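In what follows, residues are counted from 1 in the order of the sequence shown. Treat the numbers as computed from the prediction; the structure is a model and nothing was measured.
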Amino acid sequence: MVFSCLLENELNAIAKQIIKHSEDNTVWIFKGDLGAGKTTLIKYICNEMGVVDATSSPTFSLVNEYQTMNGECIYHFDFYRIDTEKEAFNIGTMEYFDSGDYCFIEWPEKIPNLLPDQYLEISIKFIGDKRTIELTKHGPKDLRD
């Protein structure tokens, strides 16, 4: 599934569609160049999921925890600054990923061997003056649309 948007205010509608098409995937990876809008899109998704906390990039803390109105947890990871997968492993990423809670991961390229078998990939690219957002489901079964 592919979405295109020109303006940031269109991200609300796209966030709703991403949630609708995520099915039972709780681990979502966000790919895109620096400044592509990964953190901004996560902010809109969290808003649609009822997060009551302020969302921000966990660039220095590696992980932020957000609470929803329903008391659910959403974990937001940013692995941009790590040097090795071991750093991510040592903060307990496997336990987070196995928790059943939503885990949103920026810079998953830094932890390819730690990603679970099933996840939703959200790729963000700029083509001309438009942002293109593409969803791809990965999993043990053929989940691709």
Side-chain angles (χ1 to χ4, degrees), residues 1-82 85 88-89 91-145:
M1 175 163 290
V2 178
F3 305 98
S4 287
C5 68
L6 186 58
L7 304 172
E8 186 175 317
N9 65 6
E10 296 173 285
L11 290 175
N12 235 11
I14 291 172
K16 288 179 185 179
Q17 290 299 311
I18 291 171
I19 294 165
K20 178 181 173 184
H21 288 90
S22 68
E23 296 175 354
D24 61 349
N25 289 290
T26 57
V27 175
W28 299 8
I29 67 169
F30 292 77
K31 290 186 170 185
D33 293 335
L34 195 61
K38 297 178 294 293
T39 301
T40 301
L41 181 58
I42 289 170
K43 175 182 143 188
Y44 279 89
I45 290 169
C46 285
N47 186 52
E48 286 300 318
M49 292 181 145
V51 167
V52 294
D53 302 315
T55 58
S56 63
S57 177
T59 302
F60 295 100
S61 62
L62 297 183
V63 62
N64 286 345
E65 179 180 334
Y66 310 129
Q67 295 289 316
T68 69
M69 290 184 287
N70 298 332
E72 298 169 323
C73 287
I74 296 175
Y75 299 104
H76 178 189
F77 299 86
D78 185 335
F79 293 121
Y80 180 73
R81 296 200 182 277
I82 68 166
E85 284 183 316
F89 181 81
I91 67 161
T93 51
M94 304 309 291
E95 288 82 10
Y96 286 110
F97 298 166
D98 291 339
S99 71
D101 293 318
Y102 282 99
C103 294
F104 300 156
I105 305 163
E106 295 186 52
W107 302 102
E109 304 87 343
K110 298 274 197 148
I111 61 158
N113 297 309
L114 300 180
L115 294 174
D117 292 335
Q118 184 172 324
Y119 58 89
L120 179 67
E121 179 180 328
I122 301 162
S123 296
I124 305 171
K125 296 177 183 163
F126 277 103
I127 300 175
D129 59 350
K130 287 189 178 180
R131 180 180 286 135
T132 301
I133 301 167
E134 183 175 355
L135 305 183
T136 307
K137 296 174 186 173
H138 297 266
K141 302 174 233 154
D142 186 15
L143 297 174
R144 298 175 191 206
D145 291 335

Please determine which of I105, L135, I18 meets the side chain to side chain contact (heavy atoms under 4.5 Å, CB included) test together with W28.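 Only one of I105, L135, I18 forms a side chain to side chain contact (heavy atoms under 4.5 Å, CB included) with W28, namely I18.
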Take a 6.0 Å sphere around CZ of F89 and say whether it holds more than 12 heavy atoms from other residues, nucleotides or ligands.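 At most 12 heavy atoms, drawn from other residues, nucleotides or ligands, come within 6.0 Å of this atom.
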How many angstroms lie between [atom1] in [X] and [atom2] in [Y], if you round to the nearest 0.5 Å?
X: T93; Y: L62; atom1: OG1; atom2: CG; answer: 10.0 Å
X: C103; Y: E65; atom1: SG; atom2: CD; answer: 10.5 Å
X: K110; Y: L115; atom1: NZ; atom2: CG; answer: 14.0 Å
X: C46; Y: F104; atom1: SG; atom2: CZ; answer: 5.0 Å
X: E109; Y: I29; atom1: CD; atom2: CD1; answer: 7.5 Å
X: K16; Y: I45; atom1: NZ; atom2: CD1; answer: 13.0 Å

Measure from the side-chain N and O atoms of [X] to the backbone N and O of [Y], and report whether any donor-acceptor pair falls under 3.5 Å.
X: E85; Y: N113; value: yes
X: R131; Y: A36; value: yes
X: T68; Y: M49; value: no
X: N64; Y: S56; value: yes
X: K125; Y: E134; value: no

Chi angles and distances behind the side chain to side chain donor-acceptor pair (under 3.5 Å) call for E121, S123: CA-CA 6 Å; E121 179 180 328; S123 296; 3.1 Å; yes
How close do [X] and [Y] get, heavy atom to heavy atom, and via which atoms?
X: P116; Y: F97; value: CD-CD1, 3.9 Å
X: Q118; Y: V27; value: O-CB, 4.3 Å
X: L41; Y: I122; value: CD2-CG2, 3.8 Å
X: I19; Y: E48; value: CD1-CB, 3.5 Å
X: T55; Y: K43; value: OG1-CG, 3.3 Å
X: D33; Y: K38; value: O-NZ, 3.0 Å

How about Y119 and H138: are their ring centroids closer than 6.0 Å?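 Yes - the distance between ring centres of Y119 and H138 falls below the 6.0 Å cut-off.
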Residue pair L11 / I133, side-chain heavy-atom distance below 4.5 Å: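 Yes, close enough: below the 4.5 Å cut-off.
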Does any part of the side chain of E72, heavy atoms only, come nearer than 4.5 Å to the side chain of D101, both counted from C-beta?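 No - every pair of side-chain heavy atoms lies 4.5 Å or more apart.
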Parallel, tilted or perpendicular: which describes the rings of F77 and Y75, with under 30° parallel and over 60° perpendicular?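 The arrangement is tilted - the two ring planes meet at 30° to 60°.
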In terms of ring plane angle, is the pair Y80 and W107 parallel, tilted or perpendicular, where the classes change at 30° and 60°?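 Rings of Y80 and W107: tilted, 30 to 60°.
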